[in-house]
Every structure is written in structure tokens, then in C-alpha cells.
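Down below is the structure, laid out as C-alpha cells.
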Amino acid sequence: MEQAIRQQCQDGVLTLTLDRAAKRNALNSAMYQTLAEALAAAAHDDAVRVVLLQGSEECFTAGNDLGDFIGKQSLSEDDPVLRFLHTLAGFPKPVVAAAAGAAVGIGTTLLLHCDLVCLADNTRLCLPFIDLGLVPEFASSLLLPRAVGHLRASELLLLGEPFDAQQALTMGLANRVVPAQALLQEAATLAAKLAAKPPRALQQSKALLKQELRQAVHFTIDTEARAFAIALQGDEAQTRIAAKLGRR
């Protein structure tokens, strides 16, 4: 399963590539574990100055692997999902994201924790938590209203309808939109520019940008996780997830 996350470090940039094409890069527990461990190691590795998180030119991620959710009873502190959420939220070095194609659920919410976001012109973002009988995650109930305003955040989270890359750019959820075939190179160029900056000043600047909401973000991650776990055990979620898996 480790091969579902490809890792490459070159010239100060650690590239983490989601590579589970048969499942549209859907994230399962093993992948969350690998990502959390890679980020934790990178935080203390002087050879890593920037992290680039990407999928392929066709797909970023279809979100959580729903098969992992069936029968799941809780989200404990050491659950790989929560480990990844807190590790990325508290990661001290710049993170660049490159998202093409599907960016569903956590494929959208994790972008809120990245420092630069590049989208492809074929990107389709979606926050379908309520349609699955679930609730928002990854501090999106805190960060999304601050990024796009309360009314627009309510529309994105409560209606859960897909939106495209240009809409995301207009709302301030992305830095730029480029053709799909140019996405990975564009993101790599941005990551290389960051890696060439003085690393201490870069990390201190990121810390200053994040400091106002740092504690609130981690608190909200845990608060949402408790609500998510309760919802996950309910009939609404189990029925809707099972029905969605059945259709597949």
C-alpha cells in the first residue's frame, strides 16, 4: 500500500504523489498513515524546505475511501486520519498543492491548509458530507467561512454541489488555474521558487500567517471529528454510504 503514495525529494522539495488510480486516488487508512509519517519526518529534515502534494493530471483524489467507513466505530486520537489532519495543519514548512480532476471531500478541505494552491482547468471540487449523512471535517467549518464568507460557505457545505476551478479561484480558494497538462509543472515551479528562499524566514513567515487560528484549527479538527464519528455510526451515514458503494 505504501506505493499508493510516491515520495521524491529533490532540490529541497519533497513531492508526495497520490497514486491509486484504480480507486481515483481515494484515501484509505494506510495512505493517511503514510502521509502523516512522511510529513512528520519532513518537518525535522533540513533537506526538505517545501512539500508538494499532488495527484495526476486526471485526478487529485475522490476523497475518503468509503469502504473504510462501513462499520467504523470511532475516530480515536491515534487514528491515521486524525494523525494526518493534525500533522498537515501544524506542518511548519510551506505546502504547495496541485489538484486536477476530482477533488472531493478531503480533496477540497485539505487545500484550506496549503500555502499555495494550483488547480487544473478540469478540476471539480465538491464537499458532499451532508449527502453522505456526515458533517464537515478538517476544520472546514472554521476555515471555509473565513476564506469565502459565511453565505458562500453555507452553500458549499450545506448544498454540497460541485464547483469548478474558476469558481474556486474567484472565491479565493486557489492561487491560479492552468491547463491540466501544465498543472504539475506549474506547481513544481512554484515549489522550487519557495525552496530557493531563506528557509528560516520562510518558516517564520508561515508561522505568523497561521498563528491567529492555529489553536482554533486543531480544536475544530477534534470537535468536528467527534461529531463526524457520531454521524458515521448513525443510520443516515451507514445507509447512504452502503448505497453509494452498492451503486459502484
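Taking 4.5 Å as the limit, every side-chain heavy atom of R49 sits out of range of all side-chain heavy atoms of L202. In this structure, D115 and L209 have side chains that are not in contact, with every pair of non-hydrogen atoms separated by 4.5 Å or more. Side-chain contact between L35 and T87 is absent, with no heavy atoms from C-beta onward closer than 4.5 Å. Between L18 and L27, the closest side-chain pair of non-hydrogen atoms falls below 4.5 Å. L39 is not listed as a side-chain neighbour of L14, based on a closest heavy-atom distance of 4.5 Å or more. Between L213 and R146, some side-chain heavy-atom pair lies under the 4.5 Å cut-off. Side-chain atoms of L169 and L119, non-hydrogen and from C-beta on, never get closer than 4.5 Å to each other. Between L116 and P94, the closest side-chain pair of non-hydrogen atoms is not below 4.5 Å.
Heavy atoms only, all atoms of each residue included: T108 and C126 are closest at OG1-N, 3.4 Å. Across I106 and F129, no two heavy atoms sit closer than the pair N-CZ, 4.4 Å. Of all heavy-atom pairs spanning V96 and A187, the tightest one is CG1-O, 4.0 Å. When all heavy atoms of K23 and A62 are compared, the closest pair comes out as O-CB, 4.4 Å. Taking all atoms of both residues into account, the shortest heavy-atom contact from G133 to A231 is O-CB, 3.5 Å. When every heavy atom of N122 is checked against every heavy atom of E57, the shortest pair comes out as ND2-O, 3.3 Å.
The hydrophobic cluster containing V50 does not contain L16, counting ILVMFWY residues as joined when their side-chain heavy atoms lie under 4.5 angstrom apart, directly or transitively. In the hydrophobic cluster analysis, where Ile, Leu, Val, Met, Phe, Trp and Tyr join through side-chain heavy atoms closer than 4.5 angstrom, L134 is grouped together with L125. Note: the hydrophobic cluster containing L112 also contains F91 (ILVMFWY, side chain heavy atoms under 4.5 Å, direct or indirect links). Linking ILVMFWY side-chain heavy atoms closer than 4.5 Å, directly or via other members, places M31 and L66 in a single hydrophobic cluster. The hydrophobic clustering, which links ILVMFWY residues whose side-chain heavy atoms are closer than 4.5 Å, places I130 and F228 apart.
Here the CG atom belonging to L173 is positioned 10.5 Å from the CG atom belonging to L143, to the nearest 0.5 angstrom. Put simply, CG on L82 and OH on Y32 are 10.0 Å apart, with the number rounded to the nearest 0.5 Å. A distance of 8.0 Å separates OG1 in T61 from CG in L110, rounded to the nearest 0.5 Å. Here the straight-line distance linking atom CD of Q7 with atom CG of D19 works out to 12.0 Å at 0.5 Å rounding. In this structure, CG in D164 is found 10.0 Å from CG in D121, a value given to the nearest 0.5 Å. Here the straight-line distance linking atom CD of E224 with atom CG of L142 works out to 8.0 Å at 0.5 Å rounding.
In this structure, the side chain of Q54 does not engage the main chain of A97 through any donor-acceptor pair within 3.5 Å. A donor-acceptor distance shorter than 3.5 angstrom exists from the side chain of N25 to the backbone of R20, with no hydrogens or angles considered. Judged by distance alone, with hydrogens and angles left aside, the side-chain atoms of E186 form no donor-acceptor pair with the main-chain N or O of V178 at under 3.5 Å. A donor-acceptor pair under 3.5 Å links the side-chain atoms of R240 to the main chain of D131, judged by distance alone. Panel note: side chain Q8, backbone T15; no donor-acceptor pair is recorded below 3.5 Å. Judged purely by atom type and a 3.5 angstrom limit, K244 has no side-chain atom pairing as donor or acceptor with the backbone of L132. Judged by distance alone, the side chain of S56 and the main-chain N or O of E58 form a donor-acceptor pair under 3.5 Å. Judged purely by atom type and a 3.5 angstrom limit, D68 uses its side chain to pair as donor or acceptor with the backbone of S29.
Inspection of the T189 and Q185 side chains reveals an N or O donor paired with an N or O acceptor under 3.5 Å. At a cut-off of 3.5 Å, with distance as the only test, a side-chain donor of E137 or T109 sits close to an acceptor on the other residue.
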Apply side-chain contact (heavy atoms from CB on, under 4.5 Å) to the pair Q238 and L232, showing each step before the final yes or no. CA-CA 7 Å; Q238 292 295 313; L232 190 57; 4.1 Å; yes
Residues Q33, R83; criterion side-chain contact (heavy atoms from CB on, under 4.5 Å); working and verdict: CA-CA 7 Å; Q33 183 75 15; R83 283 194 61 199; 2.8 Å; yes
For side-chain contact (heavy atoms from CB on, under 4.5 Å), just list the numbers for N175 and L190, CA-CA rounded to whole Å, side-chain angles, deciding distance to a tenth of an Å, and then say yes or no. CA-CA 11 Å; N175 295 94; L190 285 177; 5.6 Å; no
Take F60 and L183 through the test side-chain contact (heavy atoms from CB on, under 4.5 Å) and record every step on the way to the result. CA-CA 11 Å; F60 184 47; L183 175 70; over 6 Å; no
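Between H113 and F138, the ring planes are parallel. Angles under 30° get that label, and only those over 60° would be called perpendicular.
Around atom NZ of K210, more than 12 heavy atoms belonging to other residues, nucleotides or ligands sit under 6.0 Å away.
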